[in-house]
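In this chain, numbering begins with 1 at the start of the sequence shown.
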Amino acid sequence: MRAVLVSRNEDKVRELRAILAGWEIEPIGALELPEETGATFHENARAKARFGRSAVDPEAWVLGEDSGLEVEALDGRPGIYSARYGGLGATNEANVAKLLRELETVAETARAARYVCELVALSPRGDETRARGTLTGRIAGEPRGTGGFGYDPVFVPEGSRQTVAELGAEWKVEHSHRARAAHSLAEALRTARPPL
Ligand code: IMP
């Protein structure tokens with residue numbers, strides 16, 4: 001299946017290509033994407049997909065993705081603002097530094113968090129299919145590991161002692177919130193298809 005993925009984030013494009021290995025994914029992140037003005041991950045993912053549909057050929061499938069980190073002790077922040085938590089254009093390191101500062105006085109045991117990924121696929125006819133994936137865990141006291149991106153050096157998945165950055169790319173392909181959303185999307189599209 002060929003699909004255009006609307007995203008500025010090269011790490012996400014790389015991960016989704018590895019997860020949806022049978023798909024031919026063509027990114028269009030270089031185009032000027034509109035501001036993310038939605039109130040939820042789903043609204044932002046849908047806005048990206050709709051924008052992509054207006055920008056590419058009408059025969060293409062289009063994928064929109066929005067994701068981020070929700071920390072319980074911070075009432076769900078940074079949430080949809082995950083990419084710009086440390087300010088507009090903030091680096092991953094700046095975002096992580098701000099998160100750790102905000103959690104300075106929060107005990108390790110009270111640092112529950114989850115990653116959320118919403119995907120929206122628009123068919124050439126404009127039919128929308130939506131999927132969500134989450135990964136629960138907690139925020140570590142300090143960054144560890146070099147894999148992944150974003151908050152991965154401080155995110156410890158439930159049942160693990162290592163951060164996602166330590167667990168690495170192959171682990172993410174199997175278990176991340178993005179992998180879960182993508183597999184659920186692929187399954188929804190497969191079962192929605194009319195029988196041959
Ligand atoms: P978006 O491009 O507006 O959806 O921003 C997503 C932001 O959420 C990223 O810049 C990261 O800060 C964070 N994020 C989303 N997915 C991941 C992940 O798999 N690992 C680490 N951080 C992530």
Side-chain angles (χ1 to χ4, degrees), residues 1-29 31-72 75-84 113-137 148-152 155 157-158 164 172-196:
M1 170 150 157
R2 190 180 145 260
V4 170
L5 169 66
V6 184
S7 177
R8 281 196 201 97
N9 185 322
E10 285 174 20
D11 295 300
K12 289 181 180 180
V13 174
R14 181 176 35 77
E15 287 187 7
L16 277 169
R17 278 183 161 154
I19 296 162
L20 295 170
W23 295 32
E24 197 184 314
I25 291 185
E26 182 190 319
I28 57 163
L31 292 173
E32 271 310 308
L33 293 184
E35 285 287 305
E36 286 185 18
T37 53
T40 62
F41 292 114
H42 173 236
E43 282 177 19
N44 283 335
R46 190 172 52 188
K48 287 180 203 173
R50 287 184 178 169
F51 170 79
R53 196 149 184 265
S54 65
V56 299
D57 81 80
E59 294 304 302
W61 279 76
V62 183
L63 285 181
E65 193 268 15
D66 201 52
S67 51
L69 175 73
E70 295 180 337
V71 180
E72 204 176 284
D75 298 323
R77 293 194 310 276
I80 55 170
Y81 303 107
S82 293
R84 47 196 147 133
R114 68 172 181 178
Y115 276 137
V116 179
C117 173
E118 281 276 353
L119 283 169
V120 168
L122 292 178
S123 75
R125 276 186 11 186
D127 297 325
E128 180 181 324
T129 307
R130 165 190 180 180
R132 181 182 179 89
T134 60
L135 178 69
T136 54
F149 69 99
Y151 299 92
D152 287 342
F155 190 93
E158 209 169 279
V164 173
K172 281 193 92 175
V173 167
E174 289 286 314
H175 304 286
S176 75
H177 49 309
R178 192 160 294 105
R180 290 173 179 177
H183 289 310
S184 140
L185 181 75
E187 182 60 17
L189 291 176
R190 201 182 59 73
T191 50
R193 281 210 180 137
L196 291 173

Seminar exercise, completed: Heavy atoms of Leu135 and His175 approach each other most closely as CD1-O, 3.6 Å

For this session: Indicate yes or no: at least one non-hydrogen side-chain atom of Leu69 is less than 4.5 angstrom from one of Phe155.
Result: yes

Exercise. Heavy-atom distance under 4.5 Å between the side chains of Ser67 and Val116, does that happen here?
Worked result: no

Problem set entry | Atom pair NE2/CZ of His177 and Phe41 - distance to nearest 0.5 Å | 8.5 Å

For this session: Determine yes or no for a side-chain-to-main-chain donor-acceptor pair under 3.5 angstrom, with Arg130 supplying the side chain and Val120 the backbone.
Result: no

Exercise. Any side-chain heavy atom of Leu119 within less than 4.5 Å of one from Cys117?
Worked result: yes

Exercise. With a 4.0 Å cut-off, would you call Asp66 and Arg46 a salt bridge?
Worked result: no

Seminar exercise, completed: The reported gap from CD in Glu70 to OG1 in Thr134 (rounded to nearest 0.5 angstrom) is 9.5 Å

Problem set entry | Glu128 atom CD: more than 12 heavy-atom contacts under 6.0 Å | yes

Problem set entry | Within-4.5 Å side-chain heavy-atom neighbours: Tyr151 and Pro78 | yes

For this session: Rounded to the nearest 0.5 Å, what's the gap from CZ on Phe149 to NZ on Lys12? Could you check?
Result: 6.5 Å

Exercise. Going by atom types alone, do Arg132 and Ser184 pair a side-chain donor with an acceptor below 3.5 Å?
Worked result: no

For this session: Give the intermediate values and the outcome of salt bridge (Lys or Arg N to Asp or Glu O under 4.0 Å) for residues Glu26 and Arg17.
Result: CA-CA 9 Å; Glu26 182 190 319; Arg17 278 183 161 154; over 6 Å; no

Exercise. Does any N or O in the side chain of Thr191 come within less than 3.5 Å of the main-chain N or O of Ala188, such that one atom is a donor and the other an acceptor?
Worked result: yes

For this session: Return the minimal non-hydrogen interatomic distance between Ala49 and Val62, and the atom names on each side.
Result: O-CG1, 3.4 Å

Problem set entry | Note, Trp61 side chain near Met1 side chain (heavy atom, < 4.5 Å) | yes

Problem set entry | Stepwise side chain to side chain contact (heavy atoms under 4.5 Å, CB included) check, Val56 with Phe51 | CA-CA 9 Å; Val56 299; Phe51 170 79; over 6 Å; no

Exercise. Is Leu16 close to Trp23 at the side-chain level, that is, under 4.5 Å between some pair of heavy atoms?
Worked result: no

Exercise. Going from CG on Leu63 to CG on Leu185, what distance comes out if it is rounded to the nearest 0.5 angstrom?
Worked result: 6.5 Å

For this session: Taking all non-hydrogen atoms of both residues into account, name the closest pair between Ala186 and Leu20 and its distance.
Result: CB-CD2, 4.3 Å

Exercise. Salt bridge check: are Arg178 and Glu65 linked by an N-O gap of less than 4.0 Å?
Worked result: yes

Exercise. Thinking salt bridges, do Glu43 and Lys48 make one under a 4.0 Å N-O criterion?
Worked result: no

Exercise. Under a 4.5 Å cut-off applied to non-hydrogen side-chain atoms, are Leu122 and Asp127 in contact?
Worked result: no

Seminar exercise, completed: So CZ of Arg14 and CG of Asn9: to nearest 0.5 Å the spacing works out to 8.5 Å

Problem set entry | Closest non-hydrogen atom pair, Gly133 against Ala181 | N-CB, 3.5 Å

